[in-house]
*Asks:* 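Have a look at this one before I ask anything.
Just the heavy atoms: all of them, side chains too, but no hydrogens, waters or symmetry mates, feed the values below.
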Amino acid sequence: MKDLVLATNNPHKVEEIRNKLGSSLRIKTLNELGCYEDIPETSGTLEGNASQKSHYLFDKYGCNCFADDTGLEVEVLNGAPGVYSARYAGEEKDSEANMKKLLEQLDGKENRKARFRTIISLIWEGKEYFFEGVVEGVILTEKHGTEGFGYDPIFQPEGYDKSFAELSMNEKNSISHRGRAVEKLLQFLKEKL
């Protein structure tokens with residue numbers, strides 16, 4: 001059985017992948033690999049950060065692995081906060097402060113189009129592959145809902161009258177950017193196995 005290392009210690013991410021892949025691969029976290037250092041993310045793009053993280057693992061441990069990076073891209077802000085989404089209002093990665101800053105920047109703006117984008121970099125048998133997941137939507141004028149995390153309370157996906165934070169976890173996962181990227185990854189892996 002082949003191993004696949006996820007560049008995460010987030011048990012929810014790992015469980016989601018394990019459930020979808022079944023027993024065809026052994027999925028490992030960074031801790032299970034023995035990697036306890038902070039993996040650098042210094043690129044100016046989502047693709048660059050995902051690739052940097054997967055290459056770091058491959059170069060150091062020689063394993064099949066994947067890493068992802070996600071950003072919220074707001075049209076009227078030329079794609080910002082983008083790669084800086086988690087630390088938009090500062091290095092402390094404070095979701096409340098990030099939402100407050102974004103709402104202030106959009107105050108009075110007509111165009112509130114935005115999208116969440118996830119890029120996965122997979123290194124499989126020494127070769128790199130990319131998978132992208134996107135969900136289009138708009139930034140609301142105020143927070144709605146208490147579920148989810150990050151910008152979920154102010155992001156309303158296209159075709160819905162609720163924010164991500166008002167949707168159940170299953171509803172959100174069925175349409176989310178990360179879910180869409182992961183589906184493409186899983187299709188690829190199923191073909192390889």
Side-chain angles (χ1 to χ4, degrees), residues 6-8 10 12-13 16-17 38-54 66-122 129-186:
L6 276 61
T8 185
N10 179 328
H12 302 295
K13 274 191 194 179
E16 180 188 355
I17 305 291
D38 269 340
I39 299 175
E41 286 183 83
T42 55
S43 172
T45 66
L46 299 176
E47 291 83 355
N49 276 341
S51 182
Q52 188 177 18
K53 289 187 282 188
S54 63
F66 82 82
D68 67 334
D69 199 20
T70 295
L72 174 64
E73 300 172 338
V74 180
E75 191 174 277
V76 75
L77 300 178
N78 299 316
V83 75
Y84 304 106
S85 294
R87 45 190 189 281
Y88 195 43
E91 284 305 313
E92 53 284 340
K93 298 183 177 180
D94 180 338
S95 293
E96 289 299 319
N98 289 339
M99 283 189 282
K100 184 174 184 282
K101 178 177 179 177
L102 183 59
L103 290 175
E104 284 169 359
Q105 289 189 317
L106 291 179
D107 191 36
K109 298 241 186 329
E110 287 277 309
N111 179 357
R112 300 184 78 85
K113 284 187 195 162
R115 66 183 187 166
F116 269 115
R117 199 162 66 95
T118 293
I119 299 292
I120 292 175
S121 160
L122 168 73
Y129 304 88
F130 287 98
F131 306 92
E132 179 183 52
V134 175
V135 62
E136 302 285 346
V138 294
I139 301 298
L140 300 168
T141 54
E142 58 188 39
K143 296 190 310 187
H144 294 273
T146 56
E147 299 301 309
F149 56 91
Y151 296 91
D152 288 358
I154 61 171
F155 181 82
Q156 180 177 303
E158 211 169 68
Y160 287 77
D161 60 0
K162 295 177 175 177
S163 76
F164 260 172
E166 293 174 291
L167 299 177
S168 74
M169 191 55 80
N170 283 345
E171 281 178 301
K172 182 188 166 188
N173 287 343
S174 72
I175 61 162
S176 82
H177 41 293
R178 183 173 284 109
R180 290 173 176 175
V182 165
E183 282 307 317
K184 292 175 185 175
L185 168 77
L186 295 176

*Asks:* Run the salt-bridge test on E132 and K184 with the 4.0 Å N-O cut-off and return the result as yes or no.
*Replies:* no
*Asks:* What's the spacing between L46 CG and T118 OG1 if we round to 0.5 Å?
*Replies:* 8.0 Å
*Asks:* Is it true that K100 and E96 have a side-chain N and a carboxylate O under 4.0 angstrom from each other?
*Replies:* no
*Asks:* Would you say the side-chain atoms of R112 pair up with the backbone N or O of I139, donor to acceptor, closer than 3.5 Å?
*Replies:* yes
*Asks:* When rounded to the nearest 0.5 angstrom, what is the spacing between NZ in K109 and CD in E75?
*Replies:* 13.0 Å
*Asks:* Checking side chain to side chain contact (heavy atoms under 4.5 Å, CB included) between E136 and each of E158, K113, H177, which is the one that passes?
*Replies:* E158
*Asks:* So how far is it from F164 CZ to M169 CE, rounded to the nearest 0.5 Å?
*Replies:* 11.0 Å
*Asks:* About how many Å separate OG of S54 and OH of Y129, when rounded to the nearest 0.5 Å?
*Replies:* 12.5 Å
*Asks:* Can you find a heavy atom in the side chain of N98 that is under 4.5 Å from one in the side chain of P81?
*Replies:* no
*Asks:* How about F155 and V74: do any of their side-chain heavy atoms sit closer than 4.5 Å?
*Replies:* no
*Asks:* Does any N or O in the side chain of R180 come within less than 3.5 Å of the main-chain N or O of V134, such that one atom is a donor and the other an acceptor?
*Replies:* yes
*Asks:* CZ of F116 to CZ of R178: how many Å apart, nearest 0.5 Å?
*Replies:* 9.5 Å
*Asks:* Salt bridge or not for R117 and E47, using N-O below 4.0 Å?
*Replies:* yes
*Asks:* Taking it one step at a time, do F66 and L6 satisfy side-chain contact (heavy atoms from CB on, under 4.5 Å)?
*Replies:* CA-CA 5 Å; F66 82 82; L6 276 61; 3.5 Å; yes
*Asks:* Surrounding NZ of K101 (heavy atoms of other residues, nucleotides or ligands, distance under 6.0 Å), is the total greater than 12?
*Replies:* yes
*Asks:* As an exercise, state the distance from CD1 of I119 to CZ of F130, rounded to the nearest 0.5 Å.
*Replies:* 8.0 Å
*Asks:* Shortest non-hydrogen contact from K162 to Q156?
*Replies:* O-CG, 3.3 Å
*Asks:* Can you find a pair of side-chain heavy atoms, one from S43 and one from D69, that are under 4.5 Å apart?
*Replies:* no
*Asks:* Applying side-chain contact (heavy atoms from CB on, under 4.5 Å) to Y88 and L72, what does each step give before you reach the verdict?
*Replies:* CA-CA 10 Å; Y88 195 43; L72 174 64; over 6 Å; no
*Asks:* Quick one, I175 with L167, criterion side-chain contact (heavy atoms from CB on, under 4.5 Å). Give me CA distance, side-chain angles, the key distance, then yes/no.
*Replies:* CA-CA 10 Å; I175 61 162; L167 299 177; 4.1 Å; yes
*Asks:* I'd like to know if the side chain of Q52 reaches the main chain of T42, judged simply by a donor and an acceptor atom lying under 3.5 Å from each other, with no hydrogens or angles considered.
*Replies:* yes
*Asks:* Examine distances only and state if a side-chain atom of D152 and a backbone atom of E147 form a donor-acceptor pair shorter than 3.5 Å.
*Replies:* no
*Asks:* Counting distance only, does the side-chain N/O of K53 pair as donor-acceptor with the main-chain N or O of A7 below 3.5 Å?
*Replies:* no
*Asks:* Distance-only, no hydrogens or angles: does the K172 side chain make a donor-acceptor pair with backbone N or O of A165 under 3.5 Å?
*Replies:* no
*Asks:* Would you name the heavy atoms of G145 and P153 that are closest together and state the gap between them?
*Replies:* O-CB, 4.2 Å
*Asks:* Is the shortest side-chain heavy-atom distance between L77 and L102 below 4.5 Å?
*Replies:* yes
*Asks:* Could you tell me whether a side-chain N or O of Y151 sits under 3.5 Å from a main-chain N or O of S85, the two making a donor and an acceptor?
*Replies:* yes
